[in-house]
Amino acid sequence: MADTLADYESVAAAVLPVAVRDFVAGGSGSETTLRLNRATLDSVTLTPRVLAGVAEPDTTCTLLGTDLSMPALVAPMAYQRLLHPEGELLLARASADAGIPYVISTLSSYPLEKIAATGPSWFQLYWLRDRTVVASLVDRAAEAGCGALMVTVDVPVMGRRLRDVRNAFTLPADVAAANLVDMTTEAHVAVPGISAVAAHTTSAFEPAVSWRDLEWLRTATELPLVVKGILDPRDARRAVEAGADGVVVSNHGGRQFDGAPASIDALGPVVDAVGNDCSVLLDSGIRSGLDVVKAVALGASAVLVGRPLLWALAVEAVDEALALLRREVRDAMLLAGCADLAAVAGLTTGRASWPT
Ligand code: FNR
């Protein structure tokens, strides 16, 4: 159905309503950061090694106690029933079969327990105004067997996503935040000048969350703690000092602060700042196995893959998409003469000297 992971966007476009397509594809503001993510990843070069004697590269790794068949996880993404009636359950089953963890969003449209029962999962936490709900989500995630807690810190408020505003986007009646019963009414009601999903975020999320809250969270769970949405190396250091086991260098796929740098540009300084003190993951704009290999070469332990998997979900092709991604990682490693991910990390990286 698709020759590359990136192809699923156009395949899915044929079956999805425009407002859902825009909700998934869109970024905030003028979508400068959204475009920058791709342009910058395209400009990264890797110098391949030769005569490496490799027939079958080893794409596996272990991340914070979880075994991965390749250095990738399914990014936490809200409301997957927008794409398919089985939503999160279908994508989580496919990621278990593919041997990579599925990160359950706070805003999943099936209950986290039901998703976690399908295979190895991590839980993504949004900071809600009600601390008791935050504490209960943390406990539920641990109880359900999630392997790590990933707290997203780049959404004090939702970035202004103009496509959603112009489409007056609201959630359909059969899609809701299943983990937050009684808190989802706004997401279904159109408000002039603001999308319904943004209105829900404003009422539910705590904008003034701070490092003290992160320190509290560290005491509230024994799960490995990963902080998602870091771009400044000073914040990465601060996260380590607060007890984080990992950080995700991410601009939320260009959906939050428009004008932020491409994640791939922010990666090197963060890796330098934290050294071996925590794992460094990356997301935003990963569209191929080659992109995964580029991120690892620039210092990432693994990446989160976002939109391409939602497009694949819409056309019931998630198994195929994840198999394709693994094949692309393998082929890129083979062509670059890398027997394993340590060899990828040792490749020489550069930047194309022509504008992309
Ligand atoms: C997201 N993202 C996201 N992040 C998060 O921490 N919690 C969430 O609930 C969501 N929801 C969400 C919905 C949709 C439709 C998208 C596209 C993204 C951000 C996501 O985890 C990740 O950071 C980006 O998607 C990565 O960029 P790419 O790979 O989509 O370009």
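We're numbering straight along the sequence, starting at 1. Each ligand, and each atom within it, is numbered from 1 in the order the structure gives.
For the pair R287 and E9, the salt-bridge criterion is not met [side-chain N within less than 4.0 Å of a carboxylate O]. R218 has a carboxylate O that lies under 4.0 Å from a charged side-chain N of D245, or vice versa, which qualifies the two as a salt bridge.
Between the side chains of T152 and Q124, a donor-acceptor pair is found at a separation under 3.5 Å.
Listed by chain and number, the hydrophobic cluster partners of F257 come to none, as no ILVMFWY side chain reaches under 4.5 Å of it. Clustering of Ile, Leu, Val, Met, Phe, Trp and Tyr side chains at separations under 4.5 Å places L281 together with L63, L64, L68, L73, V103, W122, M150, V226, V248, L304.
With sequence neighbours excluded, the residues satisfying side chain to side chain donor-acceptor pair (under 3.5 Å) with D277 are R237.
Protein neighbours of ligand 1 below 4.0 Å, counting non-hydrogen atoms: F23, V24, A75, P76, M77, A78, S105, Q124, Y126, T152, K228, S250, H252, G253, R255, D283, S284, G285, R287, G306, R307, L310.
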